[in-house]
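Here is the structure we will look at, set down as structure tokens.
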Amino acid sequence: MEAFLTSDLISDTAKAAIGGLAVGSMFGFAAQRSDFCLRAATIEFWNFRNGPRFPVWLAVFGSALLAVQLLVRNDMLDEASVRQLSNAGSMSGAVVGGMLFGTGMILARGCASRLLVLSATGNMRALVTGLLLTVVAQASLTGALSPLREEISRWWIVDPATRNLSAQLPTFSGELTGLAIVVLAIVIAFSRKMPTSKLVFGAIVGLSVAAGWAFTSALSAVAFDPVPVESITFTGPSADTLMALINTPDLPLSFGIGLVPGVFAGSALAAATSGTFRIQSFSPETGMARYLAGAILMGFGGMLAGGCAVGAGITGGSVLSLTAWVALLAMWLSAGVTDRLMRYLPSSDRLSASAQTETATI
Amino acid sequence: MEEWSPGTIAALGGFAGGCLLGFAARWGRFCTLGAIEDACFGADTSRLRMWGLAIAVAIAGTYGLDFFGFIDVSQSFYIASPVTVLATIVGGLMFGIGMAFVGTCGFGTLARIGGGDLKSVVTFLVMGITAYATVRGAGAYLRVAAFPDPGPREVPASFAHSASGVFGGPIHLWALLFAVVLAVVCLANPMFRARRRLIASGLLVGAVVTFGWFVTGYLAPNDFESYPLESFTFSAPLGEAIMYVMVMSGATLKFGIGAVFGVLAGAAVTALVQRYFRWEACDDAREMRRQIMGGMLMGFGSVTALGCTIGQGVSAASMLAWSAPVALVSIFIGAYLGLHILVRGSVLEPLKDIILPLWHRS
């Protein structure tokens with residue numbers, strides 16, 4: 001590893017991309033095998049169902065938090081280099097963006113990472129929805145929606161000192177909370193009699209987030225070119241990948257650019273090796289309008305909140321960034337509300353999904 | 001008016017013309033694939049004649065503008081620096097097949113979105129992104145490698161110029177002759193002559209394309225800044241419109257971008273007034289796959305051929321470009337092939353249908 005990071009044979013940005021590819025594959029494979037999904041977890045939680053999705057999500061979050069805080073403790077990750085802790089952040093963006101994202105996630109039946117993972121298994125509905133999400137995300141960052149995003153972000157800004165939760169909480173609280181959540185996940189999983197493999201793969205997902213932090217941190221320490229310290233998030237990298245594909249003949253390499261194809265490849269491999277590859281599309285029951293609406297809400301909300309379900313929820317949460325925790329909370333709450341509303345609204349053929357299909361693997 | 005940049009003026013003109021084109025598409029049912037289908041499978045050449053009438057009016061209008069000094073036709077890239085015949089043929093074939101898969105061309109896709117068709121949103125995204133990538137991004141490599149650019153010509157590649165060069169006589173008179181002959185041929189059919197709405201739409205489209213030249217060639221350029229001479233085309237502009245929404249701060253308004261939004265607006269208003277507006281979505285995975293593949297074929301093909309059904313078929317034709325009939329015939333053959341592929345389910349069957357009878361006859 002040392003040799004790879006310091007080698008002169010490939011550029012620093014190429015190394016970052018290769019790291020992104022590797023970490024992404026790990027994430028994609030484990031996410032597909034564990035059926036990791038924030039949306040499914042929130043629906044299970046709010047409907048008091050005894051399913052495997054909530055414990056898996058807990059396992060991911062807990063193991064990520066534990067592993068990343070251990071990295072910080074052992075000086076393998078410098079908090080000063082983490083954007084979510086060292087820059088001022090927007091609380092209003094986290095709240096509003098999180099709410100929009102949570103709503104969109106329910107409408108589109110999956111968040112950005114889930115859509116990417118699903119498209120690799122042949123789900124074209126996810127591919128199309130993901131494409132629109134990416135276009136809207138880019139528009140929110142630099143395009144037609146950017147002024148609106150900046151306006152909302154300005155309403156309530158917090159400084160880095162407030163954002164860094166671990167500085168304000170007692171020492172070891174990060175590691176202990178992470179450990180507690182993992183234990184909670186195991187206990188719930190045991191009581192629901194779910195297969196342990198899903199839990200294990202969930203832990204691997206969490207570890208892949210930690211791996212991302214560790215890799216980019218180690219690389220930026222020895223790299224000559226500036227390599228941002230980051231981990232898994234999807235709204236930004238998806239937009240970057242799209243822009244790179246269509247805008248320049250040469251691909252500007254980065255961790256994020258490697259991430260997207262890596263997740264895609266890892267997920268496809270997992271689906272192919274477990275027999276879950278299936279071409280799927282929209283159907284008269286599922287209705288296209290809600291997916292497109294969900295994609296738009298997630299694209300805008302994710303950029304506003306500073307990350308998507310994984311980017312803010314897991315990656316940002318694992319470094320104990322206040323805005324990330326707030327965003328996650330907002331997503332969790334709005335997902336619950338939206339799910340309730342979707343069940344009680346008069347269903348029209350075109351706009352709603354039948355409640356029975358909510359527990360489907362999609 | 002003086003403070004507006006050429007790009008903005010061009011975009012406004014494009015928008016206005018686009019609205020009228022969107023109206024013509026819905027009210028007059030101006031549609032290339034529809035015209036081909038009517039003629040090949042319905043023995044009704046009316047829409048094809050509407051097409052031809054539009055071209056005739058556009059030729060007369062365009063060369064009229066040149067005659068009175070408003071524009072200089074030799075500035076148009078269709079005749080000043082066209083692509084090779086091979087590129088036109090291959091691009092046209094690909095475009096035609098894609099058009100058959102999707103059920104309409106890029107222009108028709110915009111008109112359908114205006115009518116509430118959501119699956120056309122998918123086609124629009126895929127086609128626009130592919131087209132943009134073919135101009136500037138990942139696809140550009142393939143395009144340039146397969147079809148090297150021959151560079152600008154000394155003598156414009158137009159039939160009017162060629163006829164004048166070979167037989168003598170003023171260029172404009174030849175252009176007028178071509179226009180009149182074409183118009184007479186189209187109007188020769190009494191069934192077509194009775195359909196006032198189709199005639200009106202044909203005249204409208206021809207006038208709008210002429211207006212496009214007028215805007216970019218006369219209204220937009222000012223003393224300090226020139227503007228490229230162009231008229232309506234819906235290949236690269238689809239991608240440019242998406243790009244504009246994504247990167248508004250970094251992109252400039254152009255004629256094509258205004259045209260795209262204009263068609264959307266005009267078609268939407270017309271559909272609402274006609275009470276035709278209804279949401280539509282994909283029936284199944286096969287249809288989604290067709291829409292995506294067709295969108296990619298059209299995106300790549302139209303950029304390679306330097307225009308689509310409107311771009312080459314009407315705008316380049318109005319310049320009497322050599323490429324226009326080549327492109328139109330290629331698109332026609334491609335669409336025919338594509339329709340047979342859809343009906344028969346494979347690529348080989350339609351080819352066998354064409355080749356075997358010829359083989360047996362010899």
Side-chain angles (χ1 to χ4, degrees), chain A residues 119 122-150 238-252 278-293 295-296 299-300 303 348-351, chain B residues 113 116-145 236 238-251 253 257 261 278-293 295-296 299-300 303:
Chain A
S119 6
N123 190 327
M124 280 185 296
R125 175 183 66 218
L127 184 69
V128 164
T129 313
L131 187 63
L132 182 61
L133 192 161
T134 306
V135 169
V136 173
Q138 183 67 44
S140 310
L141 188 63
T142 57
L145 295 170
S146 164
L148 181 62
R149 177 185 59 81
E150 286 177 2
S238 302
D240 288 344
T241 308
L242 179 70
M243 291 298 275
L245 274 177
I246 69 177
N247 208 12
T248 51
D250 318 297
L251 210 65
R278 234 161 76 221
I279 307 281
Q280 291 169 68
S281 177
F282 302 98
S283 69
E285 297 94 57
T286 51
M288 209 164 144
R290 55 172 283 185
Y291 286 84
L292 299 187
I296 294 172
F300 185 69
M303 276 298 170
S348 76
D349 287 335
R350 288 169 297 215
L351 285 179
Chain B
I113 296 176
D117 185 345
L118 291 175
K119 58 181 182 275
S120 294
V121 172
V122 173
T123 315
F124 169 62
L125 283 178
V126 173
M127 184 175 167
I129 287 172
T130 310
Y132 202 91
T134 310
V135 174
R136 294 183 62 162
Y141 273 136
L142 185 63
R143 176 178 58 84
V144 167
L238 292 190
E240 284 165 6
I242 296 174
M243 202 57 174
Y244 182 74
V245 169
M246 290 204 293
V247 197
M248 207 141 81
S249 46
L253 273 178
I257 297 175
F261 288 116
R278 59 169 176 265
W279 298 112
E280 276 180 62
C282 289
D283 289 330
D284 58 23
R286 278 202 336 253
E287 183 171 8
M288 166 123 316
R289 205 163 51 212
R290 272 204 312 268
Q291 298 281 323
I292 292 177
M293 209 147 64
M296 287 178 70
F300 189 84
V303 172

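The model shown is predicted, which means the values in this text are computed figures rather than measured ones. Each chain gets a letter, A, B and so on, in the order the sequences are listed, and its residues count up from 1. Values below: every heavy atom of this structure, side chains too, minus hydrogens, waters and symmetry copies.
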Decide yes or no for B/Q291 and A/V128: does some side-chain heavy atom of the first lie under 4.5 Å from some side-chain heavy atom of the second? no
With rounding to the nearest 0.5 angstrom, report the [atom1] to [atom2] distance, [X] to [Y].
X      : Y      : atom1 : atom2 : result
A/I246 : B/R136 : CD1   : CZ    : 9.0 Å
A/L242 : B/M243 : CG    : CE    : 8.0 Å
B/M248 : A/L145 : CE    : CG    : 8.0 Å

Nearest heavy-atom contact between A/R125 and B/M288 is N-SD, 4.4 Å
Between A/M124 and B/I292, the two heavy atoms sitting closest are SD-CD1, 4.3 Å
Next on the checklist: Tell me whether B/M296 at atom CE has more than 12 heavy atoms from other residues, nucleotides or ligands lying less than 6.0 Å away.
Outcome noted: no
Under 4.5 Å to a heavy atom of chain B? For A/L132 that would be both
